[in-house]
Amino acid sequence: MGSRVELFAAIRRDERVEGLSIRQLAERANLHWAYIGQVERGRRNLTLHNILKLATALDVDPGRLIRGLTPPSDG
């Protein structure tokens with residue numbers, strides 16, 4: 001779960017997201033607001049496709065969103 005939460009924390013730290021509601025971010029990325037909320041709480045995984053949608057909505061390189069994240073341990 002840590003990587004999911006870390007990824008969304010990285011998205012939330014982006015200055016393009018500051019002040020946006022979950023609904024506004026979801027609308028920009030053409031995703032459902034409930035899905036975004038579940039990702040933010042670590043209950044859902046972001047697919048590569050949806051990471052690309054978020055990066056496009058934020059006008060950032062997708063690598064910027066995942067830089068520094070580590071895969072979850074299998075334990």
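Nearest heavy-atom pair, His32 versus Ala26, reported as atom, atom and distance to 0.1 Å: C-CB, 3.8 Å. In terms of heavy atoms, Ile51 sits closest to Leu65 at O-CD1, 4.0 Å. Closest non-hydrogen pair, Ile22 versus Glu40, comes out as CD1-OE1, 3.0 Å. Between Lys53 and Asn30, the closest heavy-atom pair is NZ-O, 3.3 Å. Closest heavy-atom contact between Ile36 and Leu31: CD1-CD1, 3.8 Å.
One distance of note links CG of Asn45 with OH of Tyr35; it measures 7.5 Å at 0.5 Å rounding. Interatomic distance, Arg28 CZ to Leu54 CG, rounded to the nearest 0.5 Å: 11.5 Å. To the nearest 0.5 Å, atoms OG1 (Thr47) and CG (Asn50) are separated by 3.5 Å.
Not a single side-chain contact (heavy atoms from CB on, under 4.5 Å) links Glu27 to another residue, sequence neighbours left out.
With Arg64 contributing its side chain and Val60 its backbone, the two residues share no donor-acceptor pair below 3.5 Å.
Side chain to side chain, Gln38 and Arg44 meet the donor-acceptor criterion of an N or O pair below 3.5 Å.
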